[in-house]
There are 2 protein chains.
Amino acid sequence: MAPIREMLAETGITEQQWRVLRVLSEFGVLDAKTLADRASLLFPSLTRIVATLRDKGLVTQTRDQKDRRRQFIEITDAGQKIIDDRADEAAQIVAEFKATLGAERYETLLDLLADLDPGARA
Amino acid sequence: MAPIREMLAETGITEQQWRVLRVLSEFGVLDAKTLADRASLLFPSLTRIVATLRDKGLVTQTRDQKDRRRQFIEITDAGQKIIDDRADEAAQIVAEFKATLGAERYETLLDLLADLDPGARA
DNA sequence: TCGCAACAATTAACATGTTAACGAAATACT
DNA sequence: AGTATTTCGTTAACATGTTAATTGTTGCGA
């Protein structure tokens, strides 16, 4: 993950913050529960990360009016721009990583890790 | 690592503290530099962990009289006892982990991870 | 309706990873 | 000797993982 962190250093956001933004970018508006699940984060971590992203203007929080315990989180244009600007670069880093192992061994690794963590989504 | 953490919960020490104790148990007295390296810890982390272990009476710190910048860390009897008491249990947890994947896939995983982290030892 | 269990989210407390700044001691070099 | 550099270790500051305690809401059953 080091190369990813280096890439993100310029943007001032962390790996996990980036992951949250990516999930929001992919799935759109999400309630906190679903977001935590998709980003593989525990709730207390998510609370802090979303607070940080909100302060940076990269996401918005909205209370569910039908159930005021819940909230929805949505990515802002500024947040989306960060994802867009780095998407290609991130893809290339993953590609290089893959090349280091070789495509076949890369797939093997993903399979092994998936078997070890039933919670992950391949 | 979850099963390991559960095992350690009873002892009141953490995974990393346990790793430091294990390294000290295996190699004997070590200077901080070597200890950090063998335990795969960054120096600031090691400083805190050793301080914690010292407060718990599980290790001792000794200044090098020839080079007073350096220090040696040694496990105490109390620390050694913790390792001894849990060694079998830990070995069994690893064995179960191995069984989950199967011996062959387990070796494959170690190989792949080793290729990804040149710093690791096997 | 009252009270209580269940749920969503936050907060607290502690340990660690991580980068940077700093302090002290030893070396090197002039 | 005197200063600059290097090295060892600590401390600071921030983000996160993790468990437990806490707050605010909802829903349910007596």
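A, B, ... follow the sequence lines: proteins, then strands. Residue 1 opens every chain. Since we're looking at a predicted model, the values are computed, not measured.
- Heavy atoms of other residues, nucleotides or ligands lying less than 6.0 angstrom from CG of A:D55 number more than 12.
- Distance A:K33 NZ to D:dT26 C1': 14 Å, rounded to the nearest Å.
- Between B:S45 and A:T47, the residue anchored closer to the 5' end of DNA chain C is A:T47, taking for each the nucleotide with the nearest heavy atom.
- Separating the CG atom of B:D31 from the C1' atom of D:dC8 is a distance of 10 Å, rounded to the nearest angstrom.
- Placement of A:L41 and A:F72 in two distinct hydrophobic clusters is found when ILVMFWY residues are connected by side-chain heavy-atom separations under 4.5 Å, directly or transitively.
- Picking from C:dA24, C:dT18, C:dG17 the nucleotide with the shortest atom distance to the side chain of B:Q16 gives C:dG17.
- We find that A:K66 and A:D64 are not joined by a salt bridge, their nearest charged nitrogen and carboxylate oxygen being 4.0 Å or further apart.
- Note: CG (B:L41) to P (D:dG9) measures 14 Å, nearest angstrom.
- With rounding to whole Å, B:D37 atom CG is found 12 Å from D:dC8 atom P.
- Counting to the nearest Å, the C1' atom of D:dT11 and the CZ atom of B:R48 are 10 Å from each other.
- Separating the CZ atom of B:F43 from the P atom of C:dA21 is a distance of 19 Å, rounded to the nearest angstrom.
- Tested against B:V50, the residues B:T52, B:L46, B:T47 include a single side chain to side chain contact (heavy atoms under 4.5 Å, CB included) partner, B:L46.
- Using a 4.0 Å heavy-atom cutoff across all strands shown, B:L46 reaches no nucleic acid atom at all.
- Rounding to whole angstrom units, CZ of residue A:R63 and C1' of D:dG24 are separated by 9 Å.
- Within 3.5 Å, no donor on the side chain of A:R68 pairs with an acceptor on the base of D:dT25, nor the reverse.
- The side chain of B:Q61 places no N or O atom within less than 4.0 Å of a non-bridging phosphate oxygen (OP1 or OP2) of D:dG9.
- Counting atom types as modelled, B:R70 pairs no side-chain N or O with a base atom of D:dC8 as donor and acceptor under 3.5 Å.
- Across D:dG24, C:dG17, D:dT6, the shortest atom-to-atom separation from the side chain of A:R69 is found for D:dG24.
- Here D:dT10 presents its C1' atom at 14 Å from CG of B:L42, a figure rounded to the nearest Å.
- Nearest-nucleotide positions on DNA chain D for B:Q71 and A:K66 put B:Q71 closer to the 5' end.
- By the 4.5 Å heavy-atom criterion applied to side chains, A:W18 and A:I4 are counted as neighbours.
- One finds no side-chain N or O of A:T52 lying less than 4.0 angstrom from the OP1 or OP2 phosphate oxygen of D:dA15.
- Backbone-only engagement by B:I49 is indicated by non-hydrogen atom pairs under 4.0 Å involving sugar-phosphate atoms exclusively.
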